[in-house]
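Step one of this worksheet: look at the structure below.
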Amino acid sequence: MIRTVVAAMLALRAGALVARAASRRPRAVLRAAKKSTSAEPLTTNFEAAAASVVAKPQRLPLPAKTRKTVAFNQQYLCAGCGCLLPPEHEIDHIVPVALNGSDALSNLQALCKPCHQQKTRDQRHTILDAVKKEPPVVEEKEVKRVPPLKLNDQQRAAVEASTEPIRVVAGPGTGKTRVLTRRVAHLVESGARASSVLALTFTNRAANELRERLEEEINPQDASSISVGTFHRVCLTMLRDDVEALESPIKRGFAVYDQAAMIKLCGRCIAEKPPVGLGWDKSEIKPARVQSAISSLKNAGFDASSYADLTKEGYGDRIVSRVFDLYEKTLQQRNAVDFDDMLSLTARLLEHSPATRAKYAGRWKHVLVDEFQDTNGVQYDVLKLLASDSVFVVGDSDQAIYGWRGADYENQQRYDDDFGARLLKLERNYRSAQPILSAASAVVESTTRRRDALSLEGREGSLVPSIVELEDQDDEARWIADVCVRAEGDVAVLYRTNAQSRAVERELLKAGVSYQLLHAKGFFERKEIRDVLAYLRLLAYPKDDDAFERVANVPPRAVGPRSLERLRVQALEGGEGMLHAAANAKSPVPARAASNLKVFTDALDELRELQQATSTPIPAEEGHAGPLVGSMAWFLLEVLARTGYEHYLRHESVDGADRWRNVRELANLAAPYAAGELVEFLDTLALVQDQDMAADDTEEKTPPKVRLMTVHASKGLEFQTVIIAGCEEGLLPHYYATADKDGEELAQAVDEERRLLYVAMTRAKESLALTRARTRLTWGVSRQMEASRFLDEIPADLRRDVRVAAPPSSSRRRRWSSSRRRSDGMLAGF
DNA sequence: ACCCCTAACTCCTCA
DNA sequence: AGTTAGGGGT
């Protein structure tokens, strides 16, 4: 019923092809390095490392190329005499003094060769001790690792609680997912039907993980009949099934608009000439701003007409109101719903159609919600309308980081009041070493807002977080790459904004470290992918003018802007959408364009028939290569062949081969679907903006140990080593959080940024480093950056401050340019 | 209508 | 720095 995200889809990640192509060689290098490590294990403390360096200069298992890169890109201060280690000081001579005393991140302190040779072992130890602050004494309480299947008392209390409304306050790493899955298992064991359970999450990744864990926990049939999905996915499914019950111009077979499409539509409403748009200047009235305004209005329960009324009374924004009105009209003309409608129309559906509400409330007796602190008002309404027998929500207001899209952790309070919920807590953290957890808690406790009182208890460990100060974003990236080269276990590089990934990627490539970039979109933002999807959308949703305008002249069909404009007007008059208008294009449209369009629309009609006729794939004949006839992959390629897009892309665009490979990648995603399941396929793509990493091992035997992602994307994950880059004022907290704000509004925004850091820090299991650059290049200008205010909130005994000296810039630049000249295709383009 | 180059704008986060 | 929108040439 709720279609699961197909496994193959999860193999996809942003920029998959790029990353794969670029990291082919480095991966081999990495394997070689691994091999030599296992022959001669990496020493785990300063003493052993020092001894082995003396005995065998070659012993650090870094390939020659990498070694060089590291040696001249990263410079160190000698921990003994404080001298700057010269660039020609190869890595072998640098004695790593472990970060945090762990060898996982071993590049922070080094001794110069003379110092190293002069000092005795004990003296070196003293130096190390002086550098390394005394780790806080962690009370040796019996903090044992609980075996996987055993629950602690708090967890058991939550799992076995009666079916009254429950709210569980679950700190980071406290086994929230385990409690959820066990709770479901418990419900099923105590007689609930598996199909009567609905589990709601906020991200696809969380949904997939939950589903996987349920399969381990519960017998397969039951596990598969449990409904698991994101709010958006579940709402979309209900809306598709029951849209008729809704009094609305939106009809069955509606298109779904994601945020990019929403912004584009706002732009059209603002800038197009009057019958179609308002004829304003797009550079003055920013589509993205208006879209976000409309989005928050929708989340606040307004529609275009109620907001127009408000505006008449002088409260609303007249400009937003005008655009809102036209935006809604256009969506209706196109029979499309946007991401916000998906929720609000479902809420309306449940509210105004008692039959529909009864249907779903009857189906789902047990509703569970993960990450409840991230619910927005409309989602809360949906939950309230769905809730019948038992409701079980899990959340942690300290991890609320989605306020910007309307989430309000105060919904937890509303829930407590509305449902009379019982409150339970999970306070034992099985993930992070205690100093990391303490440091993170210190940050989040610096808030002024009311919190759920949690006293978290972490794992044993004595490594305090490192706070690393570097010269600029390139030094920062080099330092990070260097850590990644030597880290044992998995590493995550977390940052506030996606743009920060670029420098790090570059250095990782140079250092030969394979990495995975988790960028929300990326792949789907590529022109060729958007084009192909527009073709499919146009087939599924004939009134989707956005899709039409995108592909009408790709490949070139002599349909220029003038012709498109005329078609828009004719579509408005005909009321049937631009595709229909194109099939019957009349006089102001040039004859050549009109006849080309006729050929185009005829081809689409044929394809649509083909698509509708093919409900199941036809098994391939023996030895027949290529996608299964009747599958979505086959259909997709058929569409591209018959519309001329394939030829256009492969032979007439600059890097046709690469682009075509991306299209093939998309076809792989389409393979599990039958051609007849076009809408399902498009829905899945529309809702999966988030890339999953778990299924990556389908292709890669060894998953890359380094992952790059935003803090938001890291939520719910954990890593051995975490590096949080860019801990600077303006980045974390971000400019937008502090700009043009004061008083309560400012406090709220800064608080959310603070929680963001808390979420990031609590991803770390063993070691954690927070880096910042003194200057950073933004918009082509180098700016001075202050340390993030949140860094001051970490007490001195829970941190280790490190300054990495800047290499002399002149020599660095020379090195840079010479290495740039030498660069092969792999680094071409930098 | 299409192509290329310059100028201006942009970099928050996700379903 | 990197991307895209629009202006000018063909």
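Chain naming here is simple, since letters A, B, ... match the order of the sequence lines and numbering starts at 1 in each. Keep in mind it's a predicted model, so treat the numbers as computed, not measured. Just the heavy atoms: all of them, side chains too, but no hydrogens, waters or symmetry mates, feed the values below.
Under the stacking definition used here (centres under 5.5 Å, planes under 30°), the residue A/Trp404 qualifies as stacked on the base of B/dT13. Stacking annotation: A/Trp779 is stacked on the base of B/dT10 (ring centroids less than 5.5 angstrom apart, interplanar angle below 30 degrees).
Comparing the same atom, P, in B/dC11 and in C/dG6 gives a spacing of 15 Å after rounding to whole Å. Spacing between B/dT13 and C/dT4 at atom P, rounded to whole Å, works out to 15 Å.
Remark: A/Thr778 engages A/Tyr735, A/Arg783 in a side-chain contact (heavy atoms from CB on, under 4.5 Å) (not counting sequence neighbours). In this structure A/Phe231 satisfies the ring pair (Phe, Tyr, Trp, His ring centres under 6.0 Å) test together with A/Phe202, sequence neighbours excluded. A/Tyr409 pairs by the ring pair (Phe, Tyr, Trp, His ring centres under 6.0 Å) definition with nothing, not counting sequence neighbours. For A/Glu528, the salt bridge (charged side-chain N to carboxylate O under 4.0 Å, His left out) test picks out A/Arg526, A/Arg659, with sequence neighbours left out. Every residue two or more places apart in sequence or in another chain that forms a side chain to side chain donor-acceptor pair (under 3.5 Å) with A/Ser295 is listed here: A/Asp340.
One atom, NZ of A/Lys715, and another, P of B/dC14, lie 12 Å apart when rounded to the nearest Å. Atom-to-atom, CD1 of A/Ile401 to P of B/dT13 comes out at 13 Å; the value is rounded to the nearest Å. Spacing between atom CG of A/Leu777 and atom P of C/dA1 amounts to 6 Å, rounded to whole angstrom units. Note: CE (A/Met342) to C1' (B/dC14) measures 12 Å, nearest angstrom. The NE2-P distance, from A/His734 to B/dT10, rounds to 14 Å in whole Å. Between the C1' atom of B/dT13 and the CD atom of A/Glu753 lies a distance of 9 Å, rounded to the nearest Å. Taking atom CG on A/Leu708 and atom P on B/dT13, their separation rounds to 14 Å, with Å as the unit. One interatomic measurement links the two molecules: CD of A/Gln500 to P of B/dT10, which rounds to 19 Å at whole-angstrom precision.
Comparing A/Asp340 and A/Ala499 by the nucleotide of DNA chain B that holds the closest heavy atom to each, the one mapping nearer the 5' end is A/Ala499. Positionally, the nearest nucleotide of DNA chain B for A/Tyr736 lies more toward the 5' end than for the other of A/Met262 and A/Tyr736.
Between the side chain of A/Gln259 and the base of B/dC14 there is at least one donor-acceptor pair of N/O atoms closer than 3.5 Å.
The side chain of A/Asn498 lies closest to B/dT13 when the candidates are B/dT13, B/dT10, B/dA15. For A/Thr497, the side-chain atoms get nearest to B/dT13 when compared with the rest of B/dT10, B/dT13, B/dA15.
Residue A/Tyr735 is classed as having no contact, given no heavy-atom separation below 4.0 Å to the nucleic acid. At a threshold of 4.0 angstrom between heavy atoms, the contacts of A/Phe231 with the nucleic acid are absent.
The closest side-chain heavy-atom distance from A/Ile480 to A/Glu476 is below 4.5 Å.
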Stepwise side-chain hydrogen bond (donor to acceptor under 3.5 Å, both in side chains) check, A/Gln373 with A/Glu371
CA-CA 5 Å; A/Gln373 76 280 359; A/Glu371 306 278 15; 2.8 Å; yes
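A sub-4.0 Å separation between OP1 or OP2 of C/dA1 and a side-chain N or O of A/Thr778 is absent. Not one side-chain nitrogen or oxygen of A/Arg289 sits closer than 4.0 Å to the OP1 or OP2 atom of B/dT10.
Between A/His712 and A/Trp404, a ring centre-to-centre spacing shorter than 6.0 Å is recorded.
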Between protein and nucleic acid, restricted to nucleotides 1-6 of chain B and to nitrogen or oxygen atoms under 3.5 Å apart, what atom pairs and distances do you find?
unit_1, atom_1, unit_2, atom_2, d
B/dA1, OP1, A/Gly560, N, 3.3
B/dA1, OP1, A/Ser563, OG, 3.3
B/dC2, OP2, A/Asn553, ND2, 3.1

